[in-house]
Amino acid sequence: MPELPEVEFAARALRRWLGGRRIASADAPESRIFRGSDRKEFSRVLQGESLDWIERRGKYLLIAFRGGAGLLNHLGMTGKWVRVPPGAPLPSHVRARLELDSGEVVAYRDTRLFGRIAVHRADELFSLPEIRGLGPDPLVDGVDAARLHERLARSQRPVKVALMDQALLAGLGNIQATEALFLAGIHPARPASSISEKEAKELASAILESLQHTLKIQGEGDSITYVEEPRAENPFRIYGRAGSPCPRCGTTIEKIELGGRTSAFCPRCQPR
DNA sequence: ACGGATGTTCGCGC
DNA sequence: CGCGCGAACATCCG
């Protein structure tokens with residue numbers, strides 16, 4: 001699920017859920033999400049801990065505890081933090097859980113196991129190669145149009161593939177890149193190097209607009225608390241809407257595959 | 001019923 | 001080095 005907006009919501013939810021609470025116990029079954037780390041260490045260092053701070057950089061969560069331990073967490077494709085009331089049954093595919101002094105359980109679910117949790121020292125989280133390798137975070141650093149243009153100019157890849165490069169800009173995935181290109185009126189298959197300075201400027205605004213739009217529509221309610229949510233309808237403008245009319249001009253939305261991912265675009269609003 | 005697609009990332013080979 | 005592809009995995013849809 002998670003691109004920048006979902007990860008931002010996970011950060012906010014975890015701040016609320018863990019803030020001012022003590023972790024009575026932590027545990028996790030053996031699973032791939034601890035690759036490069038140790039699930040037993042996870043349980044050991046979190047026992048009795050309380051939250052110090054949580055930050056998001058791109059699609060990564062950095063979680064620091066007062067005792068000095070830290071977690072680096074990536075939600076992969078299907079990772080999600082959920083809160084389970086005291087006594088309520090745990091959902092399926094829980095890969096790590098924190099039992100709070102209140103009896104609530106804060107759990108990390110991840111059906112496809114593409115996510116990751118790694119234990120580090122809190123004071124080294126920002127120095128990890130995963131974080132140092134990220135480009136600017138649109139919400140934290142803003143999107144500098146000139147810098148974006150310069151980076152795009154160096155790449156022969158389709159502009160949509162370049163936008164999903166986390167070293168170029170941190171946090172965009174298939175949905176946000178698709179939506180931003182639509183808003184900017186740029187065809188996703190255009191070579192990144194063909195984007196003009198003016199287009200880069202429009203793209204920079206479109207990226208922020210798309211992220212903020214998504215944050216706004218997904219921000220209502222406490223939907224991250226675990227409940228069986230009814231399948232919501234597609235809230236995006238053109239992502240996943242191939243075959244439907246363009247919301248702006250009515251032309252039928254098309255799709256193409258770029259970098260192994262499906263991209264929807266309006267052939268009229270986003271000409272080659 | 002089964003093949004194909006799914007919001008991500010990494011590593012390999014050219 | 002830049003780029004493309006397949007793999008890691010489970011579920012859902014047509």
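Naming: A, B, ... by sequence-line order, numbering from 1 per chain. Keep in mind the model is a prediction, meaning the values are calculated, not measured.
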Quiz item: Side-chain donor or acceptor of Glu6(A) under 3.5 Å from a matching atom on the base of dG7(B)?
Solution: yes

Quiz item: Heavy atoms under 4.0 Å, any strand shown: does Gln166(A) hit a base, just sugar-phosphate, or nothing?
Solution: sugar-phosphate

Quiz item: Roughly, in whole Å, what's the span from CD in Glu130(A) to P in dT8(B)?
Solution: 17 Å

Practice problem: Using the six-membered ring wherever Trp is involved, compare the ring planes of Tyr108(A) and Trp81(A) and label them parallel, tilted or perpendicular (cut-offs 30° and 60°). | Solution: tilted

Quiz item: Out of dT11(C), dG7(B), dT6(B), which nucleotide sits closest to the side chain of Thr262(A)?
Solution: dT6(B)

Quiz item: Does dC9(C) have a Watson-Crick or wobble partner in any strand here, with both distances under 3.5 angstrom, and which is it?
Solution: none

Quiz item: Does Arg112(A) make a side-chain donor-acceptor contact with the base of dT11(C), cut-off 3.5 Å?
Solution: no

Quiz prompt | Nucleotide paired to dC12(B) in any strand shown, Watson-Crick or G-U, under 3.5 Å | solution = dG4(C)

Practice problem: Name the pairing partner of dG7(B), where a pair is Watson-Crick or G-U wobble with both distances under 3.5 Å, or state none. | Solution: none

Quiz item: If you draw the axis of the six-membered ring of Phe42(A), does the NZ or CZ of Arg39(A) fall within 45° of it and under 6.0 Å from the ring centre?
Solution: no

Quiz item: Between atom CG in Leu152(A) and atom P in dC3(C), what is the gap in whole Å?
Solution: 11 Å

Exercise. In whole angstrom, give me the gap between the P atoms of dA7(C) and dG3(B).
Key: 16 Å

Quiz item: Roughly, in whole Å, what's the span from CG in Asp110(A) to P in dA10(C)?
Solution: 10 Å

Quiz item: In whole Å, what is the span from the CG atom of Leu113(A) to the P atom of dT8(B)?
Solution: 17 Å

Quiz item: What nucleotide among dA8(C), dG7(B), dT9(B) has an atom nearest to a side-chain atom of Phe114(A)?
Solution: dA8(C)

Quiz item: Within the pair Arg157(A) and dC3(C), is there a side-chain N or O less than 4.0 Å away from OP1 or OP2?
Solution: yes

